[in-house]
Undergrad: 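Please find one structure pasted underneath; my questions will follow.
All chains are named by letter (A, B, ...) in the order of the sequence lines, taking the proteins before the strands, and each is independently numbered beginning at 1. Given the structure is predicted, the values throughout are model-derived calculations rather than measurements.
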Protein chains: 2
Amino acid sequence: MSGVRAQQKQKTRQALIEAAFNQLSAEHSFSNLSLREVAREAGIAPTSFYRHFKDMNELGLTMVDEAGLTLRQLMRQARRRIASGGSVIITSVETFMEFIDTSSNQFRLLLRERSGTSKAFRAAVAREIKHFILELAHYLESETPCDKQHAYMQAEAMVTLVFNAGAEALDQDAQQRTELTERLIWQLRYIARGANHYGS
Amino acid sequence: MSGVRAQQKQKTRQALIEAAFNQLSAEHSFSNLSLREVAREAGIAPTSFYRHFKDMNELGLTMVDEAGLTLRQLMRQARRRIASGGSVIITSVETFMEFIDTSSNQFRLLLRERSGTSKAFRAAVAREIKHFILELAHYLESETPCDKQHAYMQAEAMVTLVFNAGAEALDQDAQQRTELTERLIWQLRYIARGANHYGS
DNA sequence: TATTTTAGCGTACAAGTGTACGCTGAAATT
DNA sequence: AATTTCAGCGTACACTTGTACGCTAAAATA
């Protein structure tokens with residue numbers, strides 16, 4: 001029972017999501033999107049939108065989930081690179097910058113909705129970020145001499161810096177990005193150093 | 001030549017700015033504001049808006065300037081408190097949290113437009129923040145054993161963390177804020193420690 | 001095969017938007 | 001006192017928006 005019909009429905013649903021992501025850009029945020037424009041780009045009538053989502057909010061939350069998923073997948077891949085002998089800090093930063101480069105619209109969504117006008121959105125993004133922090137904290141706790149409390153605070157600070165550097169990178173050219181990344185790595189070292197000092 | 005007329009003009013101009021700030025909130029961002037609503041709240045006809053600003057963008061940039069000014073004034077006051085014997089980190093953080101509490105809409109504007117859809121806005125906010133970083137870097141360079149490069153990176157990291165903590169605080173109650181502030185202070189200590197280690 | 005379900009469409013409407021244009025009365029200037 | 005300037009207003013217009021409602025044809029089910 002593959003369901004020719006259900007299959008087609010899934011397809012246009014995905015078309016809506018992709019249309020919405022496509023319309024995100026440096027000068028177009030999610031709250032600027034209109035249901036009609038998204039439907040138009042997806043190739044369906046405005047009213048058909050409702051066959052898939054209750055409203056734009058619901059679409060948006062789905063998009064946040066999808067962006068979070070992409071990010072998590074990318075980071076799992078980073079962990080593999082680390083396991084086969086890369087520096088933790090450098091590999092993680094590189095992977096994150098890759099995410100910003102190849103999925104900038106997904107990153108923009110997370111970035112903006114983190115401080116957007118919908119509490120549900122903010123909570124959803126915060127959840128994705130917390131995921132990240134917890135994973136990193138777990139790693140730091142087991143691999144460095146740092147107690148649980150400090151490992152968490154360390155991870156939180158690191159993720160904040162990386163995320164913010166990503167935001168800045170969006171507006172920069174290659175040259176500036178290199179400098180930014182270099183600074184970021186130093187800053188992460190500060191935190192690692194300080195946390196290990198206080199947390200043991 | 002006080003100018004009864006120029007005086008009145010200045011007054012309604014300010015009314016527009018304040019009306020706009022008033023309409024900002026957790027669930028209403030600048031890009032959601034409409035010229036008509038702002039004009040209505042300021043008590044003038046929509047078309048009169050143009051006597052004061054070319055468009056909403058121009059209003060917004062003025063607002064960013066104003067928010068930046070408020071922040072700078074508050075921080076100058078913090079420096080006075082520090083000079084008369086307070087801890088640098090704690091006093092600064094407290095002052096910043098005060099800003100978020102008493103001028104949350106001004107903070108929201110900076111926070112959101114930092115990653116908003118207008119390059120001019122993003123640049124304006126970045127400028128305000130850079131101001132901050134440079135001041136702190138200068139202080140760190142002269143008061144701690146840290147070379148110029150590292151003082152800057154240290155300052156940048158600290159401001160990023162403080163600003164981000166402010167953003168999180170917006171959605172939190174008193175209890176959570178206390179915890180957040182405590183974590184933040186630890187994180188700033190990490191950075192201070194690490195920077196002093198690497199930068200001397 | 002007969003019936004039900006449903007993705008997608010077209011029409012229609014009320015509400016809100018930015019802004020062009022020309023007027024008015026009072027302040028400023030001559 | 002005569003003239004110019006200009007903040008603020010009202011009208012008007014062309015758009016865009018979300019969404020209610022009922023239809024259709026094809027897939028799913030009975």
Side-chain angles (χ1 to χ4, degrees), chain A residues 1-25 27-63 112-113 116-121, chain B residues 1-25 27-63 112-113 116-121:
Chain A
M1 205 201 297
S2 79
V4 172
R5 205 173 202 180
Q7 209 171 326
Q8 176 56 29
K9 179 166 186 183
Q10 194 57 30
K11 209 171 154 191
T12 54
R13 184 190 149 98
Q14 202 56 38
L16 280 168
I17 295 175
E18 262 160 44
F21 268 123
N22 271 339
Q23 295 188 358
L24 293 183
S25 70
E27 38 281 313
H28 226 88
S29 81
F30 179 78
S31 65
N32 298 147
L33 297 190
S34 85
L35 185 153
R36 288 177 102 106
E37 271 189 28
V38 172
R40 199 176 307 137
E41 175 147 347
I44 64 171
T47 47
S48 299
F49 178 94
Y50 298 103
R51 301 291 181 194
H52 304 274
F53 300 100
K54 203 188 112 227
D55 53 22
M56 283 294 284
N57 250 356
E58 202 175 287
L59 205 211
L61 289 174
T62 307
M63 290 167 76
R112 287 177 176 147
E113 297 314 321
T117 52
S118 152
K119 194 154 193 168
F121 273 58
Chain B
M1 208 195 298
S2 79
V4 172
R5 204 173 203 182
Q7 209 169 325
Q8 175 56 28
K9 179 167 186 183
Q10 194 58 30
K11 209 171 154 189
T12 53
R13 184 191 148 97
Q14 202 57 38
L16 280 169
I17 295 174
E18 263 160 42
F21 269 123
N22 272 339
Q23 295 188 359
L24 294 184
S25 71
E27 40 281 313
H28 227 86
S29 80
F30 178 78
S31 64
N32 298 148
L33 297 190
S34 85
L35 184 155
R36 289 176 103 107
E37 272 189 28
V38 172
R40 199 177 306 136
E41 174 148 346
I44 64 172
T47 47
S48 299
F49 178 94
Y50 297 104
R51 302 292 181 193
H52 302 275
F53 300 100
K54 201 188 113 227
D55 53 21
M56 284 294 284
N57 248 356
E58 202 173 289
L59 205 211
L61 288 174
T62 308
M63 289 167 77
R112 287 176 176 149
E113 298 313 321
T117 52
S118 152
K119 193 154 192 168
F121 273 59

Undergrad: Look at the side-chain N and O atoms of A:Ser48 and state whether any lies under 4.0 Å from the OP1 or OP2 oxygen of C:dA7.
TA: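 No, no such contact exists.
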Undergrad: Could you list the residues that satisfy side-chain hydrogen bond (donor to acceptor under 3.5 Å, both in side chains) with B:Thr47, not counting sequence neighbours?
TA: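 Counting only residues at least two positions away or on another chain, B:Thr47 forms no side-chain hydrogen bond (donor to acceptor under 3.5 Å, both in side chains).
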Undergrad: Please output the side-chain donor-acceptor pairs of residues 51-60 of chain B that fall under 3.5 Å, not counting sequence neighbours, one pair per line with the distance.
TA:
unit_1  : atom_1 : unit_2  : atom_2 : d
B:His52 : NE2    : B:Thr12 : OG1    : 3.3
B:Asp55 : OD1    : B:Asn57 : N      : 3.2
B:Asp55 : OD1    : B:Glu58 : N      : 3.1

Undergrad: Nearest whole Å is fine: how far is D:dA7 C1' from B:Ile44 CD1?
TA: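 From B:Ile44 CD1 to D:dA7 C1': 9 Å.
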Undergrad: B:Gln7 has an atom CD; how far is it from atom P of C:dA26, in whole Å?
TA: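 Interatomic distance, CD of B:Gln7 to P of C:dA26: 18 Å.
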Undergrad: What are the two closest non-hydrogen atoms of A:Ala39 and A:Pro46, and how far apart are they?
TA: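 Looking at all heavy atoms of both residues, the shortest contact is CB-CA, 3.8 Å.
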Undergrad: Heavy-atom contacts under 4.0 Å between residues 32-43 of chain A and DNA chain D, which residues?
TA: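 Under 4.0 Å from DNA chain D: A:Ser34, A:Leu35, A:Arg36, A:Glu37, A:Arg40.
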Undergrad: Counting only heavy atoms and a strict 4.0 angstrom limit, can you tell me which residues of residues 50-62 of chain A come near DNA chain D?
TA: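 Per residue number, the list reads A:Tyr50.
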Undergrad: Would you sketch DNA chain D in dot-bracket for me? Only Watson-Crick or G-U wobble pairs with both distances under 3.5 Å count, crossing pairs as [ ], other-strand pairs as |, the rest as dots.
TA: ||||||||||||||||||||||||||||||
Undergrad: Output the rounded distance in Å from CD (B:Gln8) to C1' (D:dT5).
TA: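 Distance, rounded to whole Å: 16 Å.
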Undergrad: Using the rule given for side-chain contact (heavy atoms from CB on, under 4.5 Å), can you reason through B:Gln10 versus B:Arg13, listing the C-alpha separation, both sets of side-chain angles and the distance that settles it, and then say yes or no?
TA: CA-CA 5 Å; B:Gln10 194 58 30; B:Arg13 184 191 148 97; 4.0 Å; yes
Undergrad: Between C1' on C:dA27 and CZ on B:Arg5, what's the gap in Å once rounded to a whole number?
TA: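 Roughly 5 Å, once rounded to whole Å.
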Undergrad: What nucleotide, of C:dA28, D:dA28, D:dC9, holds the atom closest to the side chain of B:Val4?
TA: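 Nearest listed nucleotide: C:dA28.
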Undergrad: Identify each donor-acceptor pair in which a side-chain atom of residues 14-25 of chain A lies under 3.5 Å from a protein atom, sequence neighbours left out, and give them as a table.
TA:
unit_1  : atom_1 : unit_2  : atom_2 : d
A:Gln14 : NE2    : A:Glu66 : OE2    : 3.4
A:Asn22 : ND2    : A:Glu41 : OE2    : 3.4
A:Gln23 : NE2    : A:Glu37 : O      : 3.3
A:Gln23 : NE2    : A:Glu41 : OE1    : 2.9
A:Ser25 : OG     : A:Glu27 : N      : 3.2
A:Ser25 : OG     : A:His28 : N      : 3.3

Undergrad: Considering only D:dC9, D:dT19, D:dA27, which nucleotide approaches the side chain of A:Thr47 most closely?
TA: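 Closest nucleotide among those given: D:dT19.
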Undergrad: Mind calculating the distance between CD (A:Gln10) and P (C:dT6) to the nearest angstrom?
TA: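 The answer, rounded to whole Å, is 16 Å.
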Undergrad: Quick one: which of D:dC9, D:dA7, C:dG8 gets closest to the side chain of A:Thr12?
TA: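 Looking only at side-chain atoms, A:Thr12 lies closest to C:dG8.
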Undergrad: What is the distance, rounded to the nearest whole Å, between atom NZ of A:Lys9 and atom C1' of C:dC9?
TA: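 For the pair A:Lys9 NZ and C:dC9 C1', the rounded distance is 16 Å.
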Undergrad: A:Arg13 CZ to C:dG8 P: how many Å, rounded?
TA: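 From A:Arg13 CZ to C:dG8 P: 12 Å.
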Undergrad: Can you give me the closest heavy-atom contact between B:Gly116 and A:Arg112, atom names plus distance?
TA: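 It is O-NH2, 3.2 Å.
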